[in-house]
Amino acid sequence: MSPDIIERKITYSLTTDAIPDLPMRIPIQDVTPETERAVVIGWINEVRDLGGLAFYILRDRTGFLQVTIVKKKAPELVLAAAKEASRESVVRVTGTIKATEKAPGGRELIPETFEIISRAESPLPLDVSEKVPSEIDTRLDNRYLDARRPRVAAIFQIRSTVTHAINNLLFDEGFTNITTSKIVATATEGGTELFPLAYFEKEAFLNQSPQLYKQMMMAAGFEKVFEIGPIFRAEEHNTTRHLNEATSIDVEVSFADHHDMMDLLERVIVCAYTSVAESCGSELEALGIELAIPETPFPRIPYAEAIDIAALSIDEDIGYGDDLSTAAERAIGEEVGVHYFITDWPTEIKPYYAMPYEDKPTVCKAFDLMHPRMELSSGAQRIHEHDLLVTQIIAKGLSPDSFSFYLQPFRYGMPPHAGWGLGMDRLIMTMLGLQNIREAVLFPRDRHRVTP
RNA sequence: GCCCAGGUAGUGUAGGGGCCUAUCAUGCAGCCCUGUCACGGCUGCGACACGGAUUCGAAUUCCGUCCUGGGCGCCA
């Protein structure tokens, strides 16, 4: 390479007239000891300057590469640029690859050009190289830096893989993907608090669940639908497993019952784990996780038995008809030790749309999917008969009037159907053993955080 | 919402009435260093959340405010 070209490479920036000259960039993982020459663009992860010899560790999303500068031999412009380059600056380095046992990955880059594309200010808001840890709050305030860490990036790569795999599975099984509105008028589905919002002259809310819309699509004859999207809950909870904005994987299927839906849920969970085990080897390694794929079928424990299991190991009184406390959930989880279902819930503690057993209406065809650490999903066969649904809404102390848009489809040919909602964030959290659900979400929304 | 813990350089921390002109690490700046991989060595830079009170004296005790983490509750 002529000195003239070296000079241009060092001085030009990424303007349009420079791009035609941009040599082909190589992802770092593709740089092997056999590579002869390489153009690499990445962030400076760290610098080790030994005096006559300096090592610049470059990082891109595919890995790390050591750039070795022998100061007596390196071009002056390389030395000048390298000296100016702060940690976490984006740089482009061109040079020859030398195979050497002494460098990480068995190869190093001897630079001929070294240019700073975007210089990082100093000090950094957090230490990307993780020599010094950062608290979750600092990390979330600076998520773009936090996510440069391979361990953090791995979580979101895995999450993306899970999304892809579940989409594929559901499409393969003949599902139709739907997108429903997150802005709704119904204030009282009962239960959770909703976020109110100003919708012109009307009152509106952020939707807590696509439940009612999924069911309406059963009336529309779509038979098998799914949606992966945000849900919003205005609860003031302050825990490591709750968010005010979560991602829900929702499905609804016509002519299916709760058993069919538990079977589907098992397939989805196994598919998620399998896809990660098969295609996220390096990410799992970065996280130090050996992923065990859950075995099916998952135990299906009737509610009445579940509270007995809980009562064995905790002090508090659990009466039939009580919801499971955190301690009870944990006690059952420890006893069972694997994913499991709690089935046959008391009708009174499940939503109005859960179908009661014909021969025993105090119990309904609802189920929860539990990971030993926490609830992941709940579902049910739904009521498809209009009058029974109205009865149940009234029994829950709700007003059928505010559900008219939802109830009307039940009068014009509603097929029997069942479905569930699965918490994506908790799925990732439990799969990877994360201690805080915020680790599984890029920009979490909790009781206090609305930015970034 | 209730309860507990906490807020000290950019980051993570030590210190809980005078030993504080505040510890250590990392970072940053300078100098030395040709095989580092948490490189090493020397020098320097940089902080007690805010307001009030108690006290001869407050980072330290008390009150209030703001902020944060966690547990529980809540989560059709």
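Here is the naming used below: chain letters follow the sequence lines, and residue numbers restart at 1 for every chain. Just the heavy atoms: all of them, side chains too, but no hydrogens, waters or symmetry mates, feed the values below. Note that the structure is a prediction, hence the values are computed from the model and not measured.
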G-U wobble or Watson-Crick pairing nucleotide for B:A14 (cut-off 3.5 Å, both distances): none
Whichever of A:Ser86 and A:Val70 has its nearest RNA chain B nucleotide further upstream toward 5': A:Ser86
Hey, does the side-chain of A:His237 have a donor or acceptor N/O within less than 3.5 Å of a partner on the base of B:C75? no
Nearest to the side chain of A:Val132, heavy atoms from C-beta on, is which of B:U11, B:U36, B:C74? B:U11
With rounding to whole Å, what would you report as the distance between B:A47 and B:U8 at their C1' atoms? 6 Å
When the C1' atoms of B:C56 and B:U65 are compared, how many Å lie between them, rounded to an integer? 29 Å
Could you tell me how far apart A:Arg447 (CZ) and B:C2 (P) are, to the nearest whole angstrom? 11 Å
Could you tell me how far B:C3 sits from B:G12 if I compare only their P atoms? Round to whole Å. 28 Å
For nucleotides B:U60 and B:A22, find the distance between their C1' atoms and express it as a whole number of Å. 12 Å
Looking across every strand, which nucleic acid part, if any, lies under 4.0 Å from A:Glu108 by heavy atom: base, sugar-phosphate, or nothing? base
Nearest-angstrom distance from the residue atom CG of A:Asp127 to P of B:U13: 13 Å
What is the separation between atom CG on A:Leu50 and atom C1' on B:C42, rounded to the nearest whole Å? 16 Å
Would you verify whether the NZ or CZ of A:Lys182 falls within 45 degrees of the ring axis of A:Phe232 while also being under 6.0 Å from that six-membered ring's centre? no
Using atom CZ of A:Arg87 as one end and atom C1' of B:A38 as the other, report the distance to the nearest whole Å. 11 Å
Could you walk me through whether A:Tyr353 and A:His384 pass the ring pair (Phe, Tyr, Trp, His ring centres under 6.0 Å) check? CA-CA 8 Å; A:Tyr353 48 73; A:His384 61 280; over 10 Å; no
Between the side chain of A:Arg159 and the main-chain N/O of A:Ile428, is any donor-acceptor distance below 3.5 Å? no
Is there a Watson-Crick or G-U wobble partner for B:C72 with both distances under 3.5 Å, and if so, which one is it? B:G1
Checking base pairs now: Watson-Crick or wobble, both atom distances under 3.5 Å. What partners B:C42? B:G30
Would you please say whether a donor-acceptor pair under 3.5 Å links the side chains of A:Glu439 and A:Gln435? no
Spacing of the C1' atoms in B:A9 and B:C28 (rounded, Å): 11 Å
Can you measure A:Leu145 atom CG to B:G10 atom P for me and round it to whole angstrom units? 16 Å
Base-pairing mate for B:U55 - Watson-Crick or G-U, with both contacts under 3.5 Å: none
Considering heavy-atom distances to RNA chain B, does A:Arg438 or A:Thr326 have its closest nucleotide positioned more toward the 5' end? A:Arg438
Just N and O in the side chain of A:Asn238: are any of them under 4.0 Å from OP1 or OP2 of B:G73? no
Taking atom C1' in both B:A49 and B:U68, compute the distance separating them and give it to the nearest angstrom. 11 Å
What about A:Glu135: does its side chain form a donor-acceptor pair under 3.5 Å with the base of B:G6? no
Looking only at atom types and distance, does a side-chain atom of A:Asp127 sit under 3.5 Å from a main-chain N or O of A:Val132, one as donor and one as acceptor? yes
Please evaluate the base of B:A76 for a donor-acceptor partner in the side chain of A:Ser209 within a cut-off of under 3.5 Å? yes
Rounding to the closest angstrom, what is the interatomic distance between B:U61 and B:U55 at atom C1'? 10 Å
Using whole Å, report how far CG of A:Asp368 lies from P of B:A76. 10 Å
Could you state the atom-to-atom distance from CD of A:Glu245 to C1' of B:C75 in whole Å? 16 Å
Looking at A:Gln211 and B:A76, is any side-chain donor or acceptor paired with a base atom of the opposite kind under 3.5 Å? no
Round to a whole Å and report the spacing from CG of A:Asp49 to P of B:G35. 12 Å
Is the backbone N or O of A:Ser129 less than 3.5 Å from a side-chain atom of A:Arg59, with the two atoms forming a donor-acceptor pair by type? no
Output yes when at least one side-chain N/O atom of A:Lys131 is less than 4.0 Å from OP1 or OP2 of B:G27, else no. yes
For B:G12, take OP1 and OP2 only and decide whether either is under 4.0 Å from a side-chain N or O of A:Arg139. no
Take A:His339 and A:Phe298 through the test ring pair (Phe, Tyr, Trp, His ring centres under 6.0 Å) and record every step on the way to the result. CA-CA 6 Å; A:His339 287 82; A:Phe298 300 157; 5.2 Å; yes
Output the single nucleotide from B:A76, B:U36, B:U34 whose closest atom is nearest the side chain of A:Lys72. B:U34
So what does A:Pro133 touch, heavy atoms closer than 4.0 Å: a base, only the sugar-phosphate, or nothing? sugar-phosphate
